[in-house]
Structures are given as C-alpha cells and as structure tokens.
Amino acid sequence: MELSKVIFWDTEYSKLDYEKHRNYIIERVLIYGKVTDWRAIQAYYGNDIIKQVAINARNLDAKTLAFVSNLFDIPKQQFRCYTMLQSVPKHWDY
C-alpha cells in the first residue's frame, strides 16, 4: 500500500508498520488524506476496521466527523471525538 508521505510529516514513513500503527494511519488518512489514500486504506483494511477506528478516534475535525458519520450512517453522538468535544468546556467569548 502506498500512501501520500505528506500525511506523515512528523513520522519516519519507512518505519510505519501497517498493522502495528493501524489506528494512527487510518486517522491520518481520514483527516489529511486524498481520495487515493482513502481508497488505499479501504482496500487494505476494509470498511469495518475503518469504521471502528473512526468511532474510537479522539481527534477528528468537524469535516471528517461529518464524512464518516454520513458514510457509515452512524449518528455523530456515537463517536468518541464528539463526546469528548462536548465534555471539554469552552472559553467564554465576551
């Protein structure tokens, strides 16, 4: 599987293990990846694994959350990143 190396700017790409670092790779592709990267992880891991990683991810931005929520037909409230975001108090905006 060949992914865009730009996604992993803070990691040594050659040392990524596709099984050992599965969650990290899937989260990075979901957030920063191109369509070709998405297709590559979909072919390699399958939708069931991607869905489980997305549900348990701590940090998905709003666009990514909306994408995976619609793609897998799961309400946003069932994602860990959504519930964590709701439990973190915001600063007051005067």
Side-chain angles (χ1 to χ4, degrees):
M1 173 168 62
E2 188 66 29
L3 300 171
S4 301
K5 293 182 173 98
V6 177
I7 300 171
F8 306 101
W9 69 88
D10 59 346
T11 309
E12 193 168 335
Y13 185 80
S14 61
K15 291 188 177 180
L16 284 176
D17 183 335
Y18 293 123
E19 293 305 318
K20 185 178 176 184
H21 304 118
R22 176 178 74 183
N23 294 356
Y24 174 73
I25 291 169
I26 292 172
E27 286 181 36
R28 282 293 177 104
V29 169
L30 287 175
I31 296 170
Y32 303 112
K34 299 177 185 177
V35 174
T36 54
D37 300 321
W38 165 254
R39 289 186 183 133
I41 65 165
Q42 200 173 25
Y44 189 84
Y45 295 114
N47 283 339
D48 291 334
I49 292 175
I50 295 171
K51 180 176 21 174
Q52 289 306 315
V53 171
I55 288 171
N56 294 315
R58 291 177 155 223
N59 301 312
L60 294 180
D61 59 81
K63 282 184 187 178
T64 305
L65 178 59
F67 172 71
V68 292
S69 174
N70 286 322
L71 179 70
F72 297 122
D73 196 28
I74 301 171
K76 290 179 184 179
Q77 293 80 8
Q78 292 185 10
F79 287 84
R80 182 178 185 188
C81 62
Y82 183 83
T83 56
M84 287 186 69
L85 183 65
Q86 299 300 315
S87 65
V88 177
K90 302 274 189 238
H91 292 289
W92 289 8
D93 190 18
Y94 295 96

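Counting from 1, the numbers follow the sequence of the chain as shown.
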Sequence neighbours left out, what pairs pass salt bridge (Lys or Arg N to Asp or Glu O under 4.0 Å) with at least one residue falling in residues 3-17?
Glu2-Lys5, Asp10-Arg28, Glu12-Lys15
Report the distance from atom CD1 of Ile50 to atom CD1 of Ile41, rounding to the nearest 0.5 Å.
4.0 Å
Can you hop from Tyr13 to Ile7 via hydrophobic side chains spaced under 4.5 Å?
yes
All side chain to side chain contact (heavy atoms under 4.5 Å, CB included) counterparts of Tyr44, not counting sequence neighbours
Met1, Tyr18, Glu19
Please table the atom pairs, donor to acceptor, closer than 3.5 Å between any side-chain atom in residues 67-77 and protein atoms at least two apart or in another chain.
residue: Ser69; atom: OG; partner: Ile74; partner atom: O; Å: 2.5
residue: Asn70; atom: ND2; partner: Ala66; partner atom: O; Å: 3.1

Indicate every side-chain donor-acceptor pair of residues 31-38 with a distance under 3.5 Å to a residue at least two apart or in another chain.
residue: Asp37; atom: OD1; partner: Ser4; partner atom: N; Å: 3.0
residue: Asp37; atom: OD1; partner: Ser4; partner atom: OG; Å: 3.1
residue: Asp37; atom: OD2; partner: Ser4; partner atom: OG; Å: 2.9
residue: Asp37; atom: OD2; partner: Lys34; partner atom: N; Å: 3.0
residue: Trp38; atom: NE1; partner: Gln42; partner atom: OE1; Å: 3.3

Using residues 51-60 as the side-chain source, report each donor-acceptor pair under 3.5 Å to any protein atom, sequence neighbours left out, with the distance given to one decimal.
residue: Asn56; atom: ND2; partner: Gln52; partner atom: O; Å: 3.0

